[in-house]
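Quick notes on the structure that follows.
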Amino acid sequence: MWVATVLPKPAPPVLSVLTSSRNPKQNSFHFRFSYRPLNFKVSATKQQQQLPEPKADKKNPSSSDIGWLPAFPHVLIASMSNFVFGYHIGVMNGPIVSVAKELGFEGNSILEGLVVSIFIVGAFLGSVASGSVVDKLGCRRTFQLDTIPLILGALISAQAHSLDEILWGRFLVGLGIGVNTVLVPIYISEVAPTKYRGSLGTLCQIGTCLGIIASLFLDIPSETDPHWWRTILYIASAPGFFLALGMQFAVESPRWLYKVGRLDDAKTVIRNLWGSSEVETAIQDFQSVIENNGVNVGSGWLELLEEPHSRAAFIGGALFLLQQFAGINGVLYFSSLTFRDVGITSGSLASLFVGLANFAGALSALYLMDKEGRQKLLIGSYLGMAVSMFLIACAISFPVDEELSHNLSILGTLMYIFTFSIGAGPVTGLIIPELSSAKMRGKIMGFSFSVHWACNFLVGLLFLHLVEIFGVAPVYTCFGSVSLLAAIYAKYFLVETRGRSLEEIEMSLNFSRLVVAEIMRRCVQGADCQYQQHRSSERVGNEVPRDRSWSHNRAILELAITINSLMSVSGEGN
């Protein structure tokens with residue numbers, strides 16, 4: 001359950017609602033309350049969680065139609081990292097048998113699985129390390145540094161003549177991918193104009209889809225050429241060179257530039273990407289956030305345990321946990337068997353159909369992200385995934401007609417992939433940096449993606465074992481149930497971030513926490529002052545003043561502590 005503070009109408013800063021004065025005629029300290037009531041309500045209704053709606057631009061509606069264009073080349077270069085990610089997801093699916101045969105571990109399913117899964121181990125470690133690196137070096141330099149393990153890993157894998165070499169190559173690639181999956185959403189969210197942040201953020205998913213499709217096309221010759229896997233792994237090194245070169249011409253995040261004191265450079269980036277009219281407003285917003293929370297350079301991991309960072313980290317971890325246990329990797333793995341049942345025996349061709357469905361969904365998300373908002377897409381996506389899973393489970397459990405059952409399974413699989421790529425895929429990576437504070441954005445993203453990779457590994461490890469024990473239909477029913485749970489979670493525990501700058505989101509989410517903190521600070525200050533006066537009166541033998549101010553202050557303090565406890569439980573403040 002969430003708790004929200006509801007103001008009757010736009011009010012002046014809450015720090016001015018409490019005033020204190022000392023009466024020279026009395027020895028005790030008094031609070032004088034002159035304010036409009038603040039209504040603290042405990043409710044699970046979603047209306048109280050929403051951020052203010054963005055204001056429409058009535059001056060010139062068409063003037064910002066191409067406002068995305070200045071930032072687009074920079075976002076496109078960053079999205080090349082996701083192309084590499086998608087390419088490496090699909091590149092080992094087809095030729096793993098040829099690799100095992102040539103390197104001498106053919107028929108050993110454990111070693112074959114290790115070659116694939118060592119990639120995830122590297123990605124997990126890369127995600128954990130990425131937060132600290134991007135805080136210190138910024139996005140551009142981290143991108144360029146990260147191309148080293150990507151290029152080396154691809155070349156070592158391509159030239160491998162032993163199991164150890166292929167494992168080291170795959171581990172290095174995973175290390176680079178782990179950093180990139182954290183870095184790209186942060187970079188896009190901080191560089192893109194507010195109005196187009198969602199649509200430009202969808203390029204992450206589109207890049208991944210294109211990488212998967214490219215690898216599947218290139219995998220086709222591997223069915224006839226047993227040495228083709230070396231060629232496609234050599235090709236995998238090329239995007240790393242393009243990314244390193246492209247980042248030399250891309251801009252740095254203006255928010256990071258401001259935090260490290262490069263004010264003129266930050267203004268130049270804002271002027272070039274967002275327009276001259278946004279410079280002063282953006283700088284003032286950056287300054288307000290930093291004054292409240294401090295800069296993020298040198299922040300520690302233990303700060304994730306503090307509010308409001310712990311709330312954002314919990315949301316990020318929960319979203320990725322639900323995403324992975326909704327079964328995306330299991331469905332992708334099992335899709336080739338599903339297509340084989342209807343006569344499509346080529347695994348690469350079956351995966352190509354899946355990749356095209358994924359790409360179509362990502363294009364739809366590109367159009368809908370900033371029109372419908374993140375929350376609606378996420379809820380609709382998980383509901384569509386749940387329906388798809390239940391459809392496949394029913395088709396398998398109640399096969400009225402074999403051909404109809406196979407066709408429904410195909411329909412359910414493609415619909416699942418399509419609906420996933422509309423919301424659960426792109427929105428999850430985008431909304432976490434939006435809800436994160438500027439101080440801890442890198443580390444919150446690193447933690448969230450480490451949860452992603454850990455859950456990815458668990459699903460891959462357990463999926464086939466669970467299918468052997470319970471069958472496909474019960475496992476898919478569980479996936480559908482998790483999807484429903486994820487839709488409920490998105491409905492009641494997320495706020496809409498569409499059309500709000502990162503600074504507006506951060507200040508809005510921290511507002512109620514600051515209210516309670518100020519109430520408690522003033523109450524404690526007043527109580528301590530009054531206590532000292534009472535002690536002073538006792539020492540000189542004077543009669544202790546008999547008034548109600550002590551009990552009044554104590555009651556207010558207890559109220560503030562109660563409100564703070566409720567808001568901490570709900571994740572709304574500290």
Side-chain angles (χ1 to χ4, degrees), residues 77 79-126 143-181 184 207-247 332 346-348 351-352 355 453 456 460:
I77 293 171
S79 300
M80 193 178 299
S81 298
N82 287 84
F83 178 87
V84 178
F85 174 38
Y87 188 90
H88 281 284
I89 287 177
V91 75
M92 293 300 289
N93 284 345
I96 183 63
V97 176
S98 300
V99 173
K101 184 176 182 179
E102 187 168 341
L103 299 184
F105 56 92
E106 183 181 13
N108 191 327
S109 59
I110 295 178
L111 292 180
E112 289 180 4
L114 184 60
V115 170
V116 176
S117 61
I118 195 69
F119 172 88
I120 299 176
V121 175
F124 175 85
L125 296 177
F143 270 120
Q144 292 179 318
L145 181 66
D146 188 52
T147 59
I148 296 175
L150 288 174
I151 294 171
L152 286 179
L155 294 177
I156 291 173
S157 299
Q159 296 179 350
H161 294 284
S162 68
L163 176 62
D164 291 341
E165 290 178 351
I166 194 72
L167 288 177
W168 274 111
R170 293 289 291 170
F171 175 80
L172 288 174
V173 168
L175 193 67
I177 293 299
V179 175
N180 274 346
T181 51
V184 176
T208 303
C209 295
L210 291 176
I212 293 174
I213 293 172
S215 68
L216 293 175
F217 267 119
L218 292 173
D219 268 351
I220 294 176
S222 66
E223 298 181 0
T224 55
D225 184 355
H227 304 292
W228 180 251
W229 64 272
R230 295 187 182 276
T231 302
I232 58 178
L233 287 176
Y234 275 122
I235 294 173
S237 65
F241 289 106
F242 289 120
L243 179 61
L245 179 62
M247 271 296 152
L332 289 174
S346 172
S348 297
S351 298
L352 184 59
W453 291 114
N456 186 311

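Hydrogens, waters and symmetry mates play no part in the numbers below; they use all other heavy atoms, side chains included.
- Closest approach of Gly86 to Ser215, counting heavy atoms only: O-OG, 4.1 Å.
- For Leu163, the side-chain contact (heavy atoms from CB on, under 4.5 Å) partners are Phe105, Leu111, Val115, Ile166, Leu167, not counting sequence neighbours.
- Leu172 contributes atom CG, which lies 12.0 Å from atom CZ of Phe119 (distance to the nearest 0.5 angstrom).
- Under the rule for a side-chain contact (heavy atoms from CB on, under 4.5 Å), the partners of Leu175 that lie at least two apart in sequence or sit in another chain are Leu125.
- Here the closest heavy-atom approach between residue Val179 and residue Gly126 is recorded as CG2-O, 3.5 Å.
- The distance from the NZ atom of Lys101 to the CH2 atom of Trp229 is 13.5 Å, given to the nearest 0.5 Å.
- The distance from the CG atom of Asp164 to the CD1 atom of Ile156 is 12.0 Å, given to the nearest 0.5 Å.
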Kindly list each side-chain donor-acceptor pair under 3.5 angstrom involving residues 236-246, sequence neighbours excluded, with atom names and distances?
| residue | atom | partner | partner atom | Å |
| --- | --- | --- | --- | --- |
| Ser237 | OG | Tyr234 | O | 2.6 |

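- Contacts of Phe85 classified as ring pair (Phe, Tyr, Trp, His ring centres under 6.0 Å), with partners at least two apart in sequence or in another chain: Trp453.
- Side-chain atoms of Arg170 do not come within 3.5 Å of backbone N or O of Ser117 as any donor-acceptor pair.
- Trp168 pairs by the side-chain contact (heavy atoms from CB on, under 4.5 Å) definition with Phe171, not counting sequence neighbours.
- Considering only heavy atoms from C-beta on, Trp228 stays 4.5 Å or farther from Ser98 through its side chain.
- Between Tyr87 and the choices Ile213, Val173, Ile232, the side-chain contact (heavy atoms from CB on, under 4.5 Å) rule is met once, by Ile232.
- Under the side chain to side chain donor-acceptor pair (under 3.5 Å) criterion, the residue pairs touching residues 144-157 are Arg141-Gln144, Gln144-Gln248, Asp146-Asn180, with sequence neighbours excluded.
- With values rounded to the nearest 0.5 angstrom, Glu106 atom CD is found 11.0 Å from Asn108 atom CG.
- Side-chain contact between Gln159 and Glu165 is absent, with no heavy atoms from C-beta onward closer than 4.5 Å.
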